[in-house]
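So the structure is just underneath, and the comments pick up after that.
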Amino acid sequence: MALFEVPKRANRLIDAKIAKSANKKVTVAPTIVRGGGSILDKINLIKSTVEKNLGQYKDEYIVITDIDVLTDYIDHAIKNNYISIDTETDGLDPLLNNLAGICIYTHGQKGAYIPVNHISYITNERVDGQLAQADVMRQFQRLSEPGSVVDIDMFNAKFDIRVLRHAGWKDAYCTWDGYLGANLLNENEEHKNLKQLHNKYCLNGQGDAFRFDDLFKGIPFTMIPFNTGYLYAAHDPVITTELCEYQRKWLNPNSDREDMRKLFWVMENIEMPCVQVVCDMEDNGILFDMNYQEELTVKYNKLLEDEVKEFSDILKMYDKEITIYRKANPNNKLDDPINIASPTQIAILLYDILGLDSGDKKSPRGTGEEILSKMDNPIAKAVLKYRELSKLVNTYIDKLPNCINPNDGRIHCSFNQYGAKTGRMSSSEPNLQNIPSHNKDIRKMFVASDGYVLMSSDFSQQEPKCLAALCRKQGDSQMYDTFMRGKDLYSEIASKAFNQTYRECLEFMTDEDGNWLYDEHGERITYKAGKERRTQAKSILLGVLYGRGEASIGEQLKCTTKKAHEIKESVFRGFPAIKQFEQDSLDMAYELGYVTTVCGRKRRLPDLQLDEFEFIWRDGAPPQDDLLDFDSEPDAEVPIDKQKYYLKRLKGTWGSSKRKVFDEANKEGIWIVDNGGKIADATRQCVNSRIQGSAADLTKLAMIELNNNQELKELGFRLLIPVHDEVIAECPIENVKECSKLLAETMSKAAEKILEMPIKCDVEITREWYGEELKF
DNA sequence: CAGCTATGCGCC
DNA sequence: AAAGGGCGCATAGCTG
């Protein structure tokens, strides 16, 4: 039977990608061993290759198969108060795969590999001569005993912690994760895997280029003879140590640099404590309702089918035109029938056959939602409807069941703790942070465990409050004061911008004392003029936070760009804090090369320091009249006066006149690099990163508090999914009241501690995610 | 065939 | 003149 049966995963490609980036061995087993060779051949190849390339290191590393040797090693670790750990497994899912062995290192010892579950590639049975897993785990347990909590370095700790937990060390932990350290030190790092980081920072980029990932590909590590594998495996904890030590030279509470002391604070108080939270959430997973999914798949596949039929019916109306086009263009890219899912084919249909205009200069052949929804055309409508449905079916309804863990019926996604350069988390396999919320059906596939209820809580106005706190730090407490007085920020901005009273800028009617007025149904009464003023102010503020342009804001507010500009100017006049924040952030990025969040997390924006134009010789050197003149030194720099000349010509130009100047320069061999786009991007990012990053700080801090709250733990409360400004959790039904109160309180307090202003959190309790609200 | 980019779209 | 920040993932379509 299949020797390398590996649990079915949603997407093997993704596993491989993630393994690559996290530097875990790719052990996704293919059904066919490549090159047609047998497993035996493959393993023999691995043996000889490792022997040949790493044989010289034979004495640098050891295999531990003796309990006394292991005990002694752990003794040393405890004495050193230090160990680095890396695990090898037969797959990438800690819930489904097994520990192969553990790699450890501490100073004064050799890098060591402790094989635990290696199996024979011939008999498929556990190989003799390995220590029993329980005995090994007992030794590791000594590291976490009260009074002897030893510092532990890892790389991508959440993986190893979860593997070790399931192998029996329930208290597995990590005090320094090189992956998180690397992100804090440079979120723009191109390669965030252990070997490349180590090579770059510890070996000056001069490290061995030999890579083993491809070598081991297709063979589970458990099947590699450990007397071969250790040469490869035992190297990792050593370089983990070196990398982490390098990072600690920078991320240090005693650094003479203020920015680094703050970054250390983030490492110690946010990122490292967050690791356990992520481990818990991934282990928890969320229950998936397969019965409901089956209902949905029937319902939506039917709708999808109908839409495809509808499309083909519509096409019949244009049959003549399409036939003519096919004949006139024998090499056309149209399938028969036309593929509704192909943007290329839809573009041909709309623009070449029907001769429509996209109305968008930037993408004249675009078929995006924005363009199609403006067309009054049955094809455009059908395409949009089809996309909506196919998205739901292909990405969610019919895909999610593949992600269910067969052992517990739950979906355990993966969280990338530093998924975004701003510090936000991301989620994948599957992504649980982009489950549709507009459509109420989809989220309901996710349900509470039996006897539990789902509980979600979100920060209200998290980002504007971050903005207010950042402005206050810079000496402007205009927004901070607004929040401290419990006022609605958007209404207050509108009031100042449009010279109206606060009451005149509220969404709903109030009496003279500021109390809401209600209609006969007990609903607040909308105040149209106030609502409009508030909406305008809100658009401007959020537009600033996202770096949005005036044209785009005008579109949103259904007014002209000119009008949008005027509104923006009024807002800036009435609330100078907003404009000041923009300017301060830009100055900060320009001078320092980075911006910071409320907690001191950095976002480096090197592009902001670029010159708008760069001048280089197109062929590496100025054109030479005498091609045989090899003696004269080529002048690498374009002469300053030439640069000045073109800069002057370029001043204030755009579009075609800009291109004209480029062409002119090109004629004399000068290549002008236009960095305008990059600078514009960085300009938008620099404002947004501070806000988004600060919000991420708060959410992470809140999650840590929630997860560490002893009371909540005892009440059976558990975090399931963070969605940027909100958390989804569950708790036993009988503890709803206590849990929801503690949830809101704990979250608020965590954020208030940083922002120093009142933060409200709204809790919703349901059986299904986004289902009917339950009252208690 | 795998692996890549482009396009498009779900969420906050 | 126009200008949306941050993600993950599906399909199409190209390339080696």
Side-chain angles (χ1 to χ4, degrees), chain A residues 10-14 16-18 20 30 32 34 187 333 335 339-347 360-363 365-372 383-384 386-400 403 413-416 418-439 442-443 458-459 462-463 539 542-556 561 564 603 605 652-658 676-677 679-693 695-696 699 721-726 770:
Chain A
N11 192 335
R12 266 159 224 286
L13 285 178
I14 292 179
K17 262 189 201 165
I18 290 189
K20 225 169 155 185
I32 307 159
R34 276 199 224 195
E187 72 287 353
K333 294 174 177 173
D335 288 338
N339 184 353
I340 187 172
S342 161
T344 316
Q345 296 179 38
I346 295 301
D360 187 327
K361 284 185 189 110
K362 218 180 74 196
S363 58
R365 296 181 65 80
T367 63
E369 205 235 304
E370 203 157 317
I371 291 168
L372 293 195
V383 169
L384 285 177
Y386 169 84
R387 283 199 191 140
E388 188 188 327
L389 289 167
S390 69
K391 181 86 178 178
L392 295 182
V393 170
N394 297 330
T395 310
Y396 304 107
I397 301 173
D398 286 359
K399 241 348 118 39
L400 290 170
C403 304
C413 77
S414 167
F415 293 107
N416 186 345
Y418 220 123
K421 292 184 165 121
T422 52
R424 263 195 187 176
M425 285 197 196
S426 67
S427 155
S428 60
E429 315 169 85
N431 182 353
L432 294 185
Q433 291 178 327
N434 75 344
I435 306 297
S437 57
H438 182 67
N439 177 319
I442 312 295
R443 286 194 176 188
D458 68 316
F459 288 111
Q462 192 189 28
E463 296 197 341
S539 281
L542 295 182
V544 169
L545 296 192
Y546 292 152
R548 207 166 181 184
E550 285 167 2
S552 158
I553 292 173
E555 205 165 305
Q556 186 190 347
T561 306
R603 173 80 194 266
L605 297 165
T653 61
W654 54 270
S656 61
S657 40
K658 200 172 178 180
I679 294 170
D681 285 348
T683 305
R684 286 191 295 270
Q685 287 165 344
C686 105
V687 173
N688 180 260
S689 298
R690 301 186 71 187
I691 307 299
Q692 194 187 111
T699 304
I721 312 165
V723 194
H724 309 309
D725 69 339
E726 104 183 278
Y770 255 51

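Keep in mind that what you see is a predicted model, and the values were worked out from it rather than measured.
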Heavy atoms under 4.0 Å, any strand shown: does [X] hit a base, just sugar-phosphate, or nothing?
X: A:Glu463; result: nothing
X: A:Thr367; result: sugar-phosphate
X: A:Arg603; result: sugar-phosphate
X: A:Gln685; result: sugar-phosphate
X: A:Arg443; result: sugar-phosphate
X: A:Ala420; result: sugar-phosphate
X: A:Thr561; result: nothing
X: A:Ile435; result: sugar-phosphate

Nearest-Å distance, [atom1] ([X]) to [atom2] ([N])?
X: A:His438; N: B:dC11; atom1: NE2; atom2: P; value: 8 Å
X: A:Gln692; N: C:dG6; atom1: CD; atom2: P; value: 7 Å
X: A:Tyr386; N: B:dC9; atom1: OH; atom2: C1'; value: 14 Å
X: A:Arg690; N: C:dG6; atom1: CZ; atom2: C1'; value: 17 Å
X: A:Ile553; N: C:dG4; atom1: CD1; atom2: P; value: 9 Å
X: A:Asn688; N: C:dG5; atom1: CG; atom2: P; value: 8 Å
X: A:Tyr770; N: B:dG10; atom1: OH; atom2: P; value: 15 Å
X: A:Glu388; N: B:dC11; atom1: CD; atom2: P; value: 10 Å

Of the nucleotides [options], which one has an atom closest to the side chain of [X]?
X: A:Pro436; options: B:dG10, C:dC9, B:dC12; answer: B:dG10
X: A:Ser437; options: C:dG4, B:dC11, C:dG6; answer: B:dC11
X: A:Val723; options: C:dG4, B:dC12, C:dG6; answer: B:dC12
X: A:Ala551; options: C:dA3, C:dG6, B:dC9; answer: C:dA3

statement: Sorted by chain and residue number, the side chain to side chain donor-acceptor pair (under 3.5 Å) partners of A:Asn416 (sequence neighbours excluded) come out as A:Tyr179
Counterpart residues, side chain to side chain donor-acceptor pair (under 3.5 Å), relative to A:Glu187 (two or more places apart): A:Arg604
- prompt: How do A:Thr653 and A:Ser689 order along DNA chain C: which one's closest nucleotide is nearer the 5' end?
  reply: A:Thr653
task: Assess whether one donor atom and one acceptor atom, taken from the side chain of A:Arg684 and the base of C:dG4, lie less than 3.5 Å apart.
output: no
field: Check: A:Asn434 side chain, B:dG10 base, donor-acceptor under 3.5 Å
entry: yes
Considering just the side-chain nitrogens and oxygens of [X], establish if one lies under 4.0 Å of OP1 or OP2 belonging to [N].
X: A:Ser428; N: C:dG8; value: no
X: A:Ser426; N: C:dG8; value: yes
X: A:Arg387; N: B:dC9; value: yes

message: How would you summarise protein contacts on nucleotides 11-16 of chain C per nucleotide, using B for base, S for sugar-phosphate only and - for none, with heavy-atom distances below 4.0 Å?
response: -SSS--
Atom pairs and distances, donor-acceptor, side-chain atoms in residues 679-686 of chain A, under 3.5 Å, two or more places apart:
residue: A:Asp681; atom: OD1; partner: A:Arg684; partner atom: NH2; Å: 2.5
residue: A:Thr683; atom: OG1; partner: A:Ile679; partner atom: O; Å: 2.6

Under the salt bridge (Lys or Arg N to Asp or Glu O under 4.0 Å) test, residues paired with A:Lys658 that sit two or more places apart: A:Asp674
- request: Tell me, please, which residues at least two apart from A:Arg443 pass salt bridge (Lys or Arg N to Asp or Glu O under 4.0 Å).
  value: none
message: Donor-acceptor pair, distance only, cut-off 3.5 Å: does the side chain of A:Thr395 make one with the backbone of A:Leu392?
response: no
query: Between A:Gln345 and A:Asn339, is there a donor-acceptor pair closer than 3.5 Å when you use the side chain of the first and the backbone of the second?
result: yes
field: A:Gln556 and A:Arg548: side chain donor to acceptor below 3.5 Å
entry: yes
- request: Pick the P atom in B:dG10 and in C:dA2, then give their distance to the nearest Å.
  value: 26 Å
message: Looking at every heavy atom in both A:Tyr546 and A:Asn688, which two are closest together, and how far apart are they?
response: CD2-ND2, 3.4 Å
